[in-house]
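Notes to accompany the following structure.
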Amino acid sequence: MTSLRSLILILAFALPAAAADEFQEGKLTDANYAKWRDHVLPRNWELSYRKIPWRSSYWEAVIEAQEADKPILLWSMNGHPLCNT
Amino acid sequence: MQKLAAEFVVAADACDRMQKESCQDADALLFRKFARQRTVNKGNRGGAQGHYAVAPSGELLASSSSANPKILVEMMKAGLAKWATLPREKRLLPKAPDPKAAESWRRAEKLYPTDGLALRVVARDKKRERWPDSNLDFAWFRKDEARSLLPAEPKKGDQYDVPQGLVHRLAQFHLVDNVHALNYTTFPKNAIEKARITTTVVQVEGDLVSVSFEGETRTSIEGSKKIGYAPKLLGRAKYNLKDQKFVSFELVAVGMRWGLGNCNQRHNPDPALMGIVFTIAGDSPAERLPPAFVSRYGW
């Protein structure tokens, strides 16, 4: 999966920058809420693969490709590659 | 690569169902036609996961699951080259595929709560072990469920317990360790030791209700597999009473997780901090994908 995600990032021409994990606080409090939230939420480059206009099902692509007479590029994983894989 | 990709209709899909020999769905029959032709050349690791260049007819043009982007580019170029040599009858299906056929296997998508609340769920370790160090899922609430996250007649200062069924659903199917990969281990009801979320009405301005969330859950599977997660939860949201919709939503869960999971690529069972954040999902097709365990919602 590591490799596939990396490839998709490249597909989107994203240049992943190392995300610094300077987070040091363990317990969730009102004071560190924003820090934890920001630590967990994806950085823009991590979401760059989602900017590709993926059809979210293979069948949808078959229908469109048949009509357009185009080949299909399919990314397939156990679990949907665009969410829980 | 983008230029190359534009030559294709680009799609992403799960292969779990389609790769099963017993599955007779139209997409699965086509999928297996090319998936079983894969070779071990050029970095293919075998199995059905990976990238494919295929004709609408199901004719395999090229495939790869290599980590090397050069190989992906090669694969795409090889796919296009083969495509160019195929006569029309080999490229295309003899008759147009039926869009309605998908209704039988895309039932979960139909459950999308258009007038409810769709949340994006991101999980990440405090300490990065390896890439990828986060994963993404979705959590859905029907309109009445979303409304029940705050009191019926909200007034500033009100405190209200979120219905237990919803908190249990979060604890069982969303407060799970999928940081490195899809985790098929969810928590059964009897694994819930604590599950509580309290909503406090912070402000009411016209139709707009501002609330905060505070709570905790603890789920623990005992026996040969010891797996658990014990987060504290905090959050905030704004709900429009007139439109009956959340206009903003954040829920943050932070706590210790322990144990391994089924297929989640976790190698270290020792307790470690993990955070999970729920925010409102977008509206693109990729943001409307069903939660991994929506079939267990009881909808």
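Each chain gets a letter, A, B and so on, in the order the sequences are listed, and its residues count up from 1. It should be emphasised that the depicted structure is a prediction, and the values quoted were computed from it without experimental measurement.
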Before accepting this row, confirm whether a basic side-chain N of the pair E7(B)/K70(A) lies closer than 4.0 Å to the acidic partner's carboxylate O. no
Any side-chain heavy-atom pair of V254(B) and Y33(A) under 4.5 Å: no
Assign the ring pair W105(B) / W59(A) to parallel, tilted or perpendicular, where the plane angle (0 to 90°) is split at 30° and 60°. perpendicular
Chain A: which of L86(B), V121(B), V252(B) shares the most heavy-atom pairs with it under 4.5 Å? V252(B)
Flag the pair P285(B) / W54(A) as yes when at least one side-chain heavy-atom distance between them is below 4.5 Å, and no otherwise. no
Can you tell me how far CZ of R43(A) sits from OG of S134(B), rounded to the nearest 0.5 angstrom? 7.5 Å
Ranking E250(B), M274(B), R288(B), M256(B) by heavy-atom pairs under 4.5 Å to chain A gives rank one to E250(B)
Under a 4.5 Å heavy-atom cut-off, does chain A meet the side chain of L93(B), its backbone, both or neither? both
Segment of P42(A) engaging chain B (4.5 angstrom heavy-atom cut-off): both
Using modelled atom types and a 3.5 Å cut-off, is there a donor and acceptor pairing between side-chain atoms of R50(A) and backbone atoms of A286(B)? yes
Donor-acceptor pair, side chain of S76(A) and main chain of Q49(B), under 3.5 angstrom: no
Tell me if a side-chain donor or acceptor on H80(A) pairs with a main-chain N or O of C15(B) at a distance below 3.5 Å. no
Does the R55(A) side chain pair with the main chain of A12(B), one donor and one acceptor, at a distance under 3.5 Å? no
Contact class of E67(A) relative to chain B, heavy atoms under 4.5 angstrom: neither
Examine whether an atom of L234(B) lies under 4.5 Å from a heavy atom of chain A, and if so say whether it belongs to the side chain, the backbone or both; otherwise answer neither. both
Would you indicate whether the side-chain heavy atoms of L30(B) and V62(A) approach each other to under 4.5 Å? yes
Looking only at heavy atoms and a cut-off of under 4.5 Å, which of R88(B), E214(B), E59(B), R91(B) has the most pairs with chain A? R91(B)
What option among G79(B), A55(B), P291(B), A26(B) has the most heavy-atom pairs under 4.5 Å with chain A? A26(B)
Is it the case that the side chain of D13(B) and the backbone of Y58(A) share a donor-acceptor pair, with hydrogens and angles ignored and the cut-off at 3.5 Å? yes
Less than 4.5 Å apart, any side-chain heavy atom of L273(B) and any of W36(A)? yes
Side chain, backbone, both or neither of K82(B) within contact of chain A (heavy atoms, under 4.5 Å): neither
What's the shortest heavy-atom distance between D133(B) and E46(A), and which atoms? OD1-OE2, 4.0 Å
